2 protein chains.
Amino acid sequence: MDTPVAPPPRRITIVDVAQHAQVSTTAVSKVLRNAYGVSPKMRDRVRQAIAELGYRPNAAARGMRGQTYTIGVMLPNIRNPFFAEILDGLTDHLADTDYQVLLGPGCNGREAEAKVTHAMIDRSMDGLILIAPISTRAHLDHVAATVPTVVVGRHGRSRAYDSVADDDFAGAALVVDHLADLGHTRIAHIEHHETDRDCLAEMPNAIRAAGYQQAMRARGLADEIDIASTTYTQDGGYLGAQQLLARPVRPTAIFAGADIVAMGALDAIAEAGLRVPEDISVAGYDNTTFAAFRPISLTSVDQAGHQIGANAARLLLDRIVDRQRPAAQVRLSPTLVTRHTTAPPPAP
Amino acid sequence: MDTPVAPPPRRITIVDVAQHAQVSTTAVSKVLRNAYGVSPKMRDRVRQAIAELGYRPNAAARGMRGQTYTIGVMLPNIRNPFFAEILDGLTDHLADTDYQVLLGPGCNGREAEAKVTHAMIDRSMDGLILIAPISTRAHLDHVAATVPTVVVGRHGRSRAYDSVADDDFAGAALVVDHLADLGHTRIAHIEHHETDRDCLAEMPNAIRAAGYQQAMRARGLADEIDIASTTYTQDGGYLGAQQLLARPVRPTAIFAGADIVAMGALDAIAEAGLRVPEDISVAGYDNTTFAAFRPISLTSVDQAGHQIGANAARLLLDRIVDRQRPAAQVRLSPTLVTRHTTAPPPAP
DNA sequence: AACATCTTGGAAAACGTTGCCCACTCACTC
DNA sequence: GAGTGAGTGGGCAACGTTTTCCAAGATGTT
C-alpha cells in the first residue's frame, strides 16, 4: 500500500533564486518589482534564475510588507449578465498588469457585503471595486478610507472613493422618448422600491424612476405617469405588470427598470391573454445577454458595461499610485437597442 | 486646502489584543484558532478584547505560517447561470465555516486557467475548486499535488483530487427517451467538437454525445444517429442547426448539448421558416435561468447544480483535514424539465 | 588631486501570525 | 513527601518578502 499522494515539494523561494543567481535577495526583490537600482546585467541574470527555477513570489509574504497585487471585485449577483460585461472590461484592462482579479461572490444584502469587503481587506488586497453596492454611505467611506476603492453603478459623489456609473437618468429618457415617438402616451414604469432613505438618491433604480418621470413631463405626459413599485426581480416584474394591467385604463407600454423585470412582465402579459408588441409594448434596461435571444428579442437600454469596467480599472490603478488624488466621477451614456417587443400602440 | 483623505489608522494586530487582554500573543492565537490548551476564562477574556478593539486577523500573515481560510473557485464562464447554481451550493455549505470563497474569473482557455490556478496557489489558498476545467490532466494533477483540490463537471478519476459531476451519460438518455416517447425517430444532436484527445473521455460534452448515441441504439434508432459537430456557443448552435436542416431528410428533433446551443438553433430554425415545436422539437442541457423564461420555455436537463456545489465543498473540507484520504468521485443524477419546445413530431 | 554626486548591490530589520517547546501549577497517586 | 501527569500559558523562532539603510565603486567637477 503506497500512499497515493506524494508529499508536496518545498516551494521555491526568493532565497533559492538569490543563491542560484549568486546575488542577494534584495537584488531579486528589486528585479521582481522593477525597482530602481539594478543594472541590466543583474536584471538579466536574475530573470534567468527565476525562469530556470520556475520561481513564483508568495503573495502572502508580499502582503506582509508591500503589495499583494490582488484586486478584489464585489459582485452582488453573479447571475446578472450585465455584471459580466463590466467584469470583462475590468479584466481586459488589467490583463497586461501584474494584478490579479479575485471576485467575492454572493453579496446579497448589507451583511453579506460587509462580510465580503472585510474579507478582502483582511487579505490585504491592493484595491477594491464594488459593483452596485447597497451598503450605507458610512460603510463605503470606511472601506475607502482603508483601501483604494472604486464604486460602480451608484450615483452620489464621495471624497473618499472614485465612482463610475451609467447615466440612468438619460437611459430612462431614451426609453420614454422611443415609446412616445412610436405613438404611446400611456407609458407605465415598474420600479424597484427603495426602502432605504439613505440610498434613495444614489441607487440606479431610483434615478431611473426619476428619469422616467422627468422624461414623461418633458413630453407633456405628466398626467400619464404611472408607476408600479415592486422589486428588480422576475417576480417583481410579474406582480408589477399584474398591477398595471388591472388599471381602469390599461397602459399600452411598460418600461421595466431591468431586463429581468421585463421577463416577469412578459409572463403576466401572456397570462392576461395579451400579445407583445401588438397589444402592449415592453422595454427593459441592461441589455442582458438573453435580451438578444430571438424568442425574447427585448428592446433594452445598453449600458456599455465593458467601458464601465475599463474605467473602473483605470481609476483604481490611478488611485493605488496616488491615494491623495481628488476623487473622480465618471458617467457613461447608455444607448437604446430596439428589438421586437416595442411597436406602435394598437389602434383605439 | 485640507487633504481629502485622512491617513489610514494603523490596523489592530494580535499584539494589541494581547496587550489589552494582558496575555501573550500565543494565547490570542490559540483562541482565534480554537486550539487546544486555553481555559474558558482565558478564552472569554481574549474574546472580549477582540470585540472591544474590533480586531480582525491579517490573512496574509496567517498564510505565512498556517492557513489563509480562503478557498479559490475557478469559474470558466461567469455568464453560464448553471455555474451560479453550483456556486450557491458551495457558498451555502461554507457559510457557517471560517472559510471565505474567492472566485477567479475569465478563465477561457488553458493559458488563462493556468494563470488563475497559479495565482490562487501563490496566494496560499487552503483549497481549490475547479469548475469544468479544460486543462490537461497533467496540470490538474500538478495543482492537486500542491493544494487540496476538487474538480467539478469533469469525468475521469484521479488519485490526486476528488471530483463531482453530473451523470451526463444518463442526462443524454433522458432527452433521447423523452423525444422518442413523443414519437420522434429522427433525433439529431449538436455536440461540442473535442479537439483534444487528452480530454476526450473526460469532458461532459463528449459524454453527452456518447450517451446520445448509446440511447439511440437502445431505442433501436442506431440508423438515425446524426451529429453536427460545432461548439457549445450560440454560434455553434446556429451553424449546427443549419447543417442539420440541410439534410435530405430533416430531423424532427434536435438535442442541443447545452442551452446556449439551443438558443442558436432556435435562431436558425426561425430563419428557415420553421416553427418550434410544431415543425421541429428542440431540447437543451443545463436548465439555465433563461430556459425557464416564458418566451423561450426550453425543455432542458437539470443538473442539480446546488447539490453539485454542496458536495464539492464537503469533499474539499474533508480533504483539507486529511490530505491522505483516498480520492472520491461523486456522480449526481440529472432530471429532465419538459417545457414547450418539445412536442410530438408533425404528421408525415 | 581632492571632493561631490550618482549608481549599484547587499545586510539586516521589519511585517503579523503560528508552531514548537518549555515552565509552571495543581491535583492525584504511590 | 516525592513523583506523575494533565492542563495552562508564554517565549521565541520561523515563514518569505519588502524596505531602509549603508558601503563601495564609478563618474564628474573644481
Side-chain angles (χ1 to χ4, degrees), chain A residues 8-47 49-50 53-70 98 121-126 146 320, chain B residues 8-47 49-50 53-70 98 119 121-126 146-147 320:
Chain A
R10 197 180 58 80
R11 197 179 153 110
I12 305 283
T13 73
I14 202 171
V15 179
D16 300 320
V17 176
Q19 278 174 357
H20 191 259
Q22 309 260 47
V23 299
S24 71
T25 58
T26 306
V28 179
S29 176
K30 284 180 181 172
V31 172
L32 283 175
R33 292 173 292 120
N34 291 315
Y36 176 82
V38 246
S39 64
K41 206 170 108 192
M42 163 77 78
R43 186 165 50 237
D44 290 348
R45 190 133 68 105
V46 172
R47 289 249 169 84
I50 289 175
L53 297 178
Y55 165 74
R56 295 183 61 92
N58 177 323
R62 289 183 129 179
M64 295 282 304
R65 297 282 298 176
Q67 304 186 53
T68 52
Y69 299 93
T70 309
D98 288 334
I121 292 171
D122 294 345
R123 280 157 188 80
S124 317
M125 294 193 176
D126 297 336
T146 310
I320 288 174
Chain B
R10 197 179 58 79
R11 198 179 152 109
I12 306 282
T13 72
I14 201 171
V15 179
D16 301 318
V17 176
Q19 277 174 359
H20 191 259
Q22 309 261 48
V23 298
S24 71
T25 58
T26 305
V28 180
S29 176
K30 283 181 182 171
V31 173
L32 284 174
R33 292 174 289 120
N34 292 315
Y36 175 81
V38 240
S39 63
K41 206 171 105 190
M42 162 77 81
R43 187 165 50 235
D44 290 346
R45 190 132 69 104
V46 171
R47 287 249 170 86
I50 289 176
L53 297 177
Y55 165 75
R56 294 182 61 91
N58 178 323
R62 289 184 131 180
M64 296 282 305
R65 297 283 297 177
Q67 304 187 54
T68 54
Y69 299 94
T70 309
D98 288 333
I121 292 171
D122 294 345
R123 282 159 186 78
S124 318
M125 293 191 175
D126 296 337
T146 311
V147 56
I320 288 174

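Just so you know, these numbers come straight off a predicted model, no measurement behind them.
With rounding to whole Å, B:Met42 atom CE is found 4 Å from D:dG9 atom P.
The side chain of A:Tyr36 approaches C:dT8 more closely than any other nucleotide in the set C:dG10, C:dT8, D:dT18.
Put simply, the side chain of B:Ser39 and the base of D:dG9 share no donor and acceptor less than 3.5 Å apart.
Checking A:Thr70 against A:Arg123 by side-chain atom types alone, no donor-acceptor pair falls below 3.5 Å.
For D:dT19, one of the phosphate oxygens OP1 or OP2 lies less than 4.0 angstrom from a side-chain nitrogen or oxygen of A:Arg33. The shortest distance between the side-chain N/O atoms of A:Thr13 and the OP1/OP2 oxygens of D:dG16 is not below 4.0 Å. Under 4.0 angstrom from either OP1 or OP2 of C:dG10 there lies no side-chain N or O belonging to A:Thr26. In terms of phosphate contacts, B:Arg62 brings a side-chain nitrogen or oxygen within less than 4.0 Å of OP1 or OP2 of C:dT18.
Judged by closest nucleotide on DNA chain C, B:Tyr55 is the one of B:Lys30 and B:Tyr55 placed further toward the 5' end.
Note that the OH atom of B:Tyr55 and the CD1 atom of B:Ile50 stand 7.0 Å from one another [nearest 0.5 Å].
Side-chain contact check for B:Ile14 versus B:Leu32: some heavy-atom pair is nearer than 4.5 Å. Side-chain atoms of B:Arg33 and B:Gln67, non-hydrogen and from C-beta on, never get closer than 4.5 Å to each other.
Contacts of B:Val38 with the nucleic acid, taken as non-hydrogen atoms under 4.0 Å apart, involve only primed sugar atoms and P, OP1 or OP2.
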